[in-house]
Amino acid sequence: MPSFEVRTPQCVYQAIVERGIIDRLHEFIPAKAGSVFVVTTQDVWQHQGARAEKALADVPHRVLYLPGGEENKRLAPLEALAEQMVRAGGDRSSIVIAFGGGIVNDMGGFLAAMFMRGIPVVQVPTTLLAQVDAAVGGKTGVNLVAGKNLIGAFHQPQAVLIDPGVLDTLPSREYRAGLFEVIKCGVIRSPRLFELLEHRVHDVLRLTHDAVDELISESVRIKAEVVSADEKEGGLRRILNFGHTVGHALEAETAYSRFLHGEAVAFGMKAATRIAELNGILSRADRKQICDLVNRYGPIPPLHGIRAENLLGRLIHDKKTLRGKVHFVLPERIGEVRVVTGVDDDTILSAIRAELL
Ligand code: GLY
């Protein structure tokens with residue numbers, strides 16, 4: 001099974017895609033490590049913990065629980081976990097294993113970044129979205145009332161252990177939400193991945209092993225390549241935000257409660273694709289092909305009651321934090337995107353309105 005090297009100024013590590021890798025978790029804990037802390041949620045541990053416990057049978061460790069849910073992705077639960085770590089003898093030689101979905105990966109990584117000014121973390125993502133995106137690349141953090149991920153750190157993991165087998169028990173809605181991030185990878189950088197998603201819909205939705213393994217591997221390959229070229233999002237890494245400009249606005253507009261992140265990104269990708277067509281940088285045929293693929297892995301929850309003007313208002317509000325400019329990642333063709341600023345408000349409104357219909 002493939003392994004992808006991520007090379008950043010901070011460190012070099014492997015993102016390994018392998019069925020059964022969770023059974024070898026102990027092999028990724030350095031012999032010199034002190035206390036081992038597994039950070040997870042009750043729910044994830046109930047479903048997946050037995051295998052990890054078996055792998056860690058000879059490794060003294062303590063399991064720490066996060067509350068789970070976007071509304072609990074805040075600093076306070078991390079402070080509580082850090083207190084537990086100190087009481088349990090944690091020190092600078094300790095290590096965190098972040099075992100769960102994207103929220104656990106982000107929070108466990110941030111806990112490791114802060115604890116004693118930084119200890120190692122091994123990422124074990126258990127949702128598709130976390131496997132193809134959140135766990136690779138070192139972005140960690142929590143939300144503020146003002147917005148998502150507004151405090152955090154780039155803290156690269158020691159290793160990312162991706163076991164596609166865990167997806168067999170993932171709720172179907174969560175799996176499909178992850179597939180939208182896979183479509184994103186295809187549109188920004190991989191016509192091959194796009195084609196796989198188009199031609200093997202049935203296999204992908206039925207979790208046929210070879211199809212799932214290939215789509216995860218290709219997405220992780222792309223993520224590793226992009227992060228290796230640009231760890232801190234100074235340039236190339238921004239392409240990973242395709243669909244996220246409008247997607248984040250949709251999540252905020254619905255109080256983070258109506259759409260899963262991947263679903264909001266699906267809507268954002270369709271809006272961005274239409275902006276690209278309206279701006280004359282993408283053909284109508286390519287726009288249709290991208291939107292058809294997104295729809296094929298839908299539906300996303302109903303969009304009733306959402307006003308295009310409100311979404312635009314949120315984008316404009318975001319301008320303040322982006323030096324006055326909204327950035328869009330717009331496709332030029334399948335497998336190639338460019339970052340564009342200065343899209344006029346009427347074009348944005350028309351595109352969003354068309355996708356709200
Ligand atoms: N999720 C986007 C990134 O890692 O940059």
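Because the structure is a prediction, the values reported are computed rather than measured. Atoms within each ligand, like the ligands themselves, are counted from 1 in listed order. Start at 1 with the first residue, then count along the sequence.
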Enquirer: Got the closest protein heavy atom to atom 5 (O) of ligand 1, with its distance?
Expert: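 Minimum-distance protein heavy atom for atom 5 (O) of ligand 1 reads Arg237 NE, 2.7 Å.
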Enquirer: Got a salt bridge between Arg51 and Asp163, using NZ or NE/NH1/NH2 to carboxylate O under 4.0 Å?
Expert: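 Result for this pair is yes, salt bridge flagged.
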Enquirer: Out of Glu233, Glu231, Gln156, His155, which residue meets the side chain to side chain donor-acceptor pair (under 3.5 Å) rule with Lys139?
Expert: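 Exactly one candidate clears the test, Glu233.
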Enquirer: Once the angle between the rings of His248 and His261 is folded into 0 to 90°, is it parallel (under 30°), tilted (30 to 60°) or perpendicular (over 60°)?
Expert: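 Tilted, since the angle between the ring planes falls between 30° and 60°.
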Enquirer: So is Lys223 touching ligand 1 or not, going by heavy atoms under 4.0 Å?
Expert: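 Under 4.0 Å: yes for Lys223.
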Enquirer: May I ask you to check whether His61 and His26 place their ring centers less than 6.0 Å from one another?
Expert: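 No: the rings miss the under 6.0 Å criterion.
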Enquirer: For atom 1 (N) of ligand 1, find the nearest protein heavy atom and state the residue, atom name and distance (0.1 Å precision).
Expert: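 The closest one turns out to be Asp133 OD2, 2.9 Å.
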